[in-house]
Amino acid sequence: MYSLDINFLKDRHLQEDLKTGTSIPADSDNSVSSSSRVPLLAGIAVMLILPLAALGFSWQTSRRNQDLQQGIQEIEGQIQQLNAQDQQLDSLRSQLEQSNAQTQAYASIFNQIRPLSSTLQEVTELIPAGVQLNSLTLNSDEVILSGVGRTYDDVNNFLLLVQESPYFAKDATQLSSSSLSVADSNQGLSLPDDVTVELPEVVSYNIRTRFSGTPASELLEKFSSQGAVGLVTRIRTLEREGAITR
């Protein structure tokens, strides 16, 4: 036999709900269940997305660091190459400076040379009438001219001509000594026993001077006229190369 239980209290609540218009949706349990799943799904999504995002950021950062490191290595390599090139340039500059210094030293020597042949020719051209040159002595850069003159005026005239010569330094040219003496007889002259020759008095002199600071490059025309062709050629070659400038 079946028994039928009727809960009138429940029916009563149902009837009251019907009277008041309150309805209970049939899928209310489903709605509650779906709403409770949303935070769970969101949490799962966050748990999945955050590690992936962190992993992606870490990969990008690592890749960026690798690119930066490679760029730094390339720049350092270029700096090393530039440093090596700078060292080569410094070495070349040093060699060039040494070469220029040597060239200037040689040029300076040639530019101060006074050929002996030209010096003798210059002094010969300066000697006035009434003056005789017996010796020319070179002592380093000092020049000593010795001889005799008929009078003091003749010797003094020769001194002035030496002072005006571009070969010699005017301020350093002076008459260091002068004295009257009897002229030497000509030893090669044969005279009769009854013939006597009275030799005149002459002025013995010593003139001391020094070569002037006038560059040889400014005396090329004089050197050329006096036959110093070798020196003229060397100086003109140095001028073409720029080692000597006027």
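There is no side-chain donor-acceptor pair under 3.5 Å between Asn206 and Ser176. In this model, no donor atom of one side chain and acceptor atom of the other lie less than 3.5 Å apart for Gln88 and Asp86. Inspection of the Glu76 and Gln80 side chains reveals no N or O donor paired with an N or O acceptor under 3.5 Å.
Residues Phe168 and Val123 are in side-chain contact: their nearest non-hydrogen atoms beyond the backbone lie under 4.5 Å apart. For the pair Leu175 and Tyr152, the minimum side-chain heavy-atom distance is 4.5 Å or more. Counting heavy atoms from C-beta outward, Leu138 and Phe211 have side chains that approach closer than 4.5 Å. In this structure, Val202 and Ser181 have side chains that are in contact, with non-hydrogen atoms separated by less than 4.5 Å. Val148 places none of its side-chain heavy atoms less than 4.5 Å from the side chain of Val203. A 4.5 Å side-chain heavy-atom check between Leu136 and Val143 finds at least one atom pair inside the cut-off.
Scanning both residues, Ile127 and Val131, for their nearest heavy atoms gives CG2-O, 3.2 Å. Taking each heavy atom of Gln163 and Thr173 in turn, the nearest pair found is NE2-O, 3.1 Å. Between Asn157 and Pro128, the shortest heavy-atom distance links the atoms ND2-CB, 3.7 Å.
Taking hydrophobic clusters as Ile, Leu, Val, Met, Phe, Trp and Tyr residues chained together by side-chain heavy-atom distances below 4.5 Å, Leu82 does not share a cluster with Leu89. Under the 4.5 Å side-chain heavy-atom criterion for grouping Ile, Leu, Val, Met, Phe, Trp and Tyr, Leu160 is not connected to Ile207 through any hydrophobic cluster.
Between the OG atom in Ser146 and the CZ atom in Arg208 there is a gap of 8.0 Å [rounded to 0.5 Å]. Within the model, atoms CG of Leu92 and CD of Gln85 stand 11.5 Å from one another, a figure rounded to the nearest 0.5 Å. If you take CD1 on Ile144 and OG on Ser177, they are separated by 9.5 Å, rounding to the nearest 0.5 Å. Rounded to the nearest 0.5 Å, atoms CG (Leu159) and CD (Gln174) are 9.0 Å apart.
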Donor-acceptor pairs are to be reported for all side-chain atoms of residues 59-72 against protein atoms at under 3.5 Å, with residues two or more places apart or in another chain.
unit_1, atom_1, unit_2, atom_2, d
Thr61, OG1, Phe57, O, 2.8
Asn65, ND2, Thr61, O, 3.2

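Proximity of a side-chain donor or acceptor of Thr124 to a complementary backbone N or O of Leu120 within less than 3.5 Å is detected. The backbone N or O of Pro166 lies less than 3.5 Å from a partner atom in the side chain of Ser212, making a donor-acceptor pair.
The aromatic rings of Tyr205 and Phe158 sit perpendicular, their planes meeting at an angle over 60°, well past the 30° parallel limit.
Residues in residues 154-169 take part in these salt bridge (Lys or Arg N to Asp or Glu O under 4.0 Å) pairs, two or more places apart or across chains: Arg150-Asp154, Glu164-Lys170.
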Take Gln132 and Asn134, measure what side-chain hydrogen bond (donor to acceptor under 3.5 Å, both in side chains) needs, and give me the verdict at the end.
CA-CA 6 Å; Gln132 177 180 326; Asn134 293 335; 2.8 Å; yes
